[in-house]
Every structure is written in C-alpha cells, then in structure tokens.
Amino acid sequence: MCVANAVAAKASVCSMTNTEYADYFALFGLQSGFFIDDKALAATYRELAKDAHPDRFVNASAAQQREAVERAAQLNDAFQTLKSPTQRALYLLRQQAELPEETTIEDGEFLLQQMEWREQLEDLQEQADLAALAEFVRELKQARSAIDHAFAICIEDSEQRIQAERLARRMQFLDKMFYEVRQLEERLDD
Amino acid sequence: MAYSDKVLDHYENPRNVGKMDADAPDVGTGMVGAPACGDVMRLQIQVSDDGIIQDAKFKTYGCGSAIASSSLATEWMKGKTIDEAELIKNTTIAEELALPPVKIHCSVLAEDAIKAAVRDYKQKKGLI
C-alpha cells in the first residue's frame with residue numbers, strides 16, 4: 001500500500017474529524033442564522049466534498065475507508081440540512097433545544113388556511129386551469145416568504161422560541177403544499 | 001406500503017366526511033396537523049344537551065392511514081358521551097386498523113383531533 005497516500009488520507013480524515021460537525025454553519029464558514037448565502041454554501045460544499053470523497057481513500061486502511069464514507073455522508077447531511085430553508089429552520093431550533101420530529105399542532109388559524117388551500121388545489125385539479133394554478137402558486141410563495149422573514153427575526157430572540165417553532169411547523173406544511181402543487185403541475189403537463 | 005383491508009375500506013369508503021357549522025353552539029371542532037407529513041385533520045361533533053354525540057364529521061388531507069383513522073374515530077364517537085369519546089385511545093385505533101409502526105402517528109393525530117373537538121365543545125359550554 002502506498003504510504004504517502006495513506007498519510008495524506010489520514011491527515012485529511014483527521015482534519016475532517018476536527019470539525020466534528022458540531023455546527024453546520026461553522027462547517028461551511030457561514031454565519032449562523034436563517035438567511036444564508038446559498039451560493040457560498042454550495043461552493044464550500046463542493047470544495048469539502050472533493051476532500052472528503054471516499055475515492056481519495058482507496059489506498060487507506062479499511063477503517064479509514066469506512067470513516068471516509070461516513071464523513072462524506074455526514075457532510076452531505078449537513079449540506080442538505082442547510083440547503084433546505086425548512087430543514088435549516090428546524091436545525092436552528094434543534095440547536096437551541098430539543099425538538100420532537102413528530103408532533104401534533106393546533107395552530108388553528110394556519111390549519112384553517114391549509115384546509116382552504118387544499119380545497120382550492122382540489123378545485124384547480126378539476127378545472128385543470130394553468131393560469132389559476134400559477135396565481136395559486138404566487139399566493140403560496142408570498143405566504144412562504146412572510147413566514148421565512150418572521151422566522152428569521154423570531155429565531156434570534158429566545159423569548160420568541162414558541163413563535164419560531166410555530167413558524168417552522170408552518171414551513172413544513174407549506175413544503176407539503178408545494179410538493180402537491182408540483183405533482184399537479186406534472187399531471188397537467190402530461 | 002401495503003395497507004390493511006380495514007384501512008383500504010375506510011380510505012375507499014370514508015364514513016362521515018363533511019363539515020358542520022363551527023360556530024353552532026352544539027358543535028365542537030378539532031383542527032389538528034402533523035407537520036412532519038403535512039397531514040391536516042378536521043373533526044367535528046354535534047352534541048345533544050345531555051352530552052351525547054349525535055353526529056360526527058371529518059375532513060382529512062393526508063395519507064390513507066390518516067383518513068382511515070379519522071373515519072374510524074367518527075364512527076366510534078357517535079352515540080358516546082363526550083367523556084367516553086375522550087377515552088378513545090390511538091392504540092385502539094391503530095390496532096383496529098392494523099397500522100404498521102411508521103403509521104402510528106396517524107392514529108395519534110386522530111386521538112388528538114377527538115380531544116381537540118371535545119375540548120372546543122366544552123369551552124363553548126363553559127364546562128372547562
């Protein structure tokens with residue numbers, strides 16, 4: 001086995017270990033917060049992913065190869081978490097305190113809105129009206145943007161933790177709405 | 001994932017789908033949601049003066065298990081007193097529908113909807 005490669009691999013694995021991924025923002029050299037520089041995140045990820053790629057460890061020991069694979073997966077997890085605004089919001093909340101994965105919410109006003117949106121989406125499906133669907137998507141995006149901006153403020157203030165959590169949960173529902181909208185768009189395209 | 005026959009039955013023939021006037025004094029409304037899967041459930045009960053649930057309606061946007069759980073909940077609630085209805089447990093719903101572990105949260109959502117509807121009714125009547 002090539003000694004030079006093994007040493008390089010070990011050094012690389014060790015430097016990765018040192019980051020410990022305790023803070024995803026720090027890992028990508030970003031300032032912690034809801035709004036981030038997406039382009040900087042993607043660029044740094046590509047750099048780190050190159051260094052962490054398991055192919056670089058083909059000559060390393062089995063244990064080091066395993067660690068390299070694990071590190072690459074963790075790096076990818078960290079990237080995916082920060083890339084998705086909703087996952088990023090949940091991550092910020094989890095950094096502050098425990099957050100249950102599955103929970104029941106009783107955010108009445110918002111759930112009522114959800115019901116209305118779902119009904120609207122059903123109607124849109126029947127009408128197959130692309131212009132109306134585009135208008136609906138605009139409305140959803142506006143709602144999402146308002147939630148994002150409110151969350152960015154709340155997450156910085158520990159006294160507004162409950163509100164920040166409520167807003168992050170709303171993001172999750174909106175993600176689902178956008179998913180359903182995309183599915184409908186695909187069906188209408190066919 | 002393969003749904004049980006009971007889930008499929010409720011999914012294909014949901015019982016008591018509908019909407020009641022949420023402002024009516026004898027109607028209790030429970031609105032609950034599960035953020036992880038985006039499911040939204042509305043469960044309503046119409047209660048007589050002696051505290052017996054005369055009618056129950058639901059509307060659920062979610063997976064088959066969530067629809068079946070709420071459909072079954074409305075069936076079970078009818079004819080019960082509000083106090084009896086509150087005792088319906090998610091585990092009983094999950095068992096009846098043979099829900100797999102990953103779908104247990106759907107039955108939890110239904111139980112939470114029952115509790116929310118009963119609580120809304122009790123609040124309207126000044127019982128709590």
Side-chain angles (χ1 to χ4, degrees), chain A residues 81 84-94 98-126 136 140 143-144 147 151 162-184, chain B residues 14 17-23 27-44 57-63 65-67 69-70 73 88-90 93-94 99-124:
Chain A
T81 301
S84 149
T86 302
Q87 292 308 314
R88 194 190 313 142
L90 295 170
Y91 177 69
L92 282 164
L93 285 166
R94 276 199 303 271
E98 222 174 299
L99 189 73
E101 190 104 354
E102 270 168 13
T103 182
T104 299
I105 63 154
E106 292 188 33
D107 185 352
E109 192 191 336
F110 182 72
L111 290 176
L112 210 61
Q113 172 77 79
Q114 273 290 310
M115 281 272 173
E116 279 171 19
W117 279 335
R118 295 295 188 102
E119 279 161 19
Q120 251 176 290
L121 195 60
E122 278 180 342
D123 292 344
L124 287 167
Q125 180 164 0
E126 277 166 33
F136 181 64
L140 288 184
R144 173 69 202 222
I147 292 170
F151 179 85
I162 290 171
Q163 179 63 5
E165 216 175 301
R166 184 178 298 142
L167 290 164
R169 297 306 189 189
R170 291 181 177 189
M171 291 179 196
Q172 289 184 281
F173 281 100
L174 271 170
D175 278 358
K176 176 77 175 180
M177 282 297 309
F178 282 116
Y179 173 77
E180 305 252 336
V181 166
R182 273 194 304 278
Q183 285 202 316
L184 176 57
Chain B
V17 172
K19 191 177 182 178
M20 293 175 180
D21 176 11
D23 295 326
V27 169
T29 302
M31 277 277 260
V32 294
C37 49
D39 290 359
V40 194
M41 195 177 278
R42 180 186 61 218
L43 199 150
Q44 296 181 297
K57 296 268 182 227
F58 86 96
K59 178 74 197 180
T60 294
Y61 287 98
C63 67
S65 301
I67 290 166
S69 293
S70 36
I88 296 173
K89 286 271 164 286
N90 86 282
I93 295 171
L99 295 182
V102 293
K103 291 291 177 185
I104 297 297
H105 68 276
C106 298
S107 62
V108 174
L109 198 59
E111 182 190 318
D112 291 337
I114 294 171
K115 291 201 160 70
V118 171
R119 193 172 62 242
D120 181 55
Y121 174 79
K122 284 184 173 176
Q123 271 165 354
K124 270 186 186 172

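Each chain gets a letter, A, B and so on, in the order the sequences are listed, and its residues count up from 1.
- Ranked by heavy-atom pairs under 4.5 Å with chain A, the first of Ala36(B), Ala116(B), Pro35(B) is Pro35(B).
- For a residue to count as touching a neighbouring chain, one of its non-hydrogen atoms must lie under 4.5 Å from one of that chain's; by this rule Leu112(A) touches chain B with backbone and side chain alike.
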Any donor-acceptor pairs between chain B and chain A, under 3.5 Å? If so, list them.
residue   : atom : partner   : partner atom : Å
Thr104(A) : OG1  : Asp112(B) : OD2          : 2.5
Ile105(A) : N    : Gly33(B)  : O            : 2.8
Ile105(A) : O    : Gly33(B)  : N            : 3.0
Glu106(A) : OE1  : Arg119(B) : NH2          : 2.4
Glu106(A) : OE2  : Arg119(B) : NH2          : 3.4
Arg118(A) : NH2  : Gly38(B)  : O            : 2.9
Glu122(A) : OE1  : Tyr61(B)  : OH           : 3.3

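- Under the side-chain contact (heavy atoms from CB on, under 4.5 Å) criterion, Ala89(A) pairs with Phe34(A), Phe151(A), Ala168(A), Met171(A), not counting sequence neighbours.
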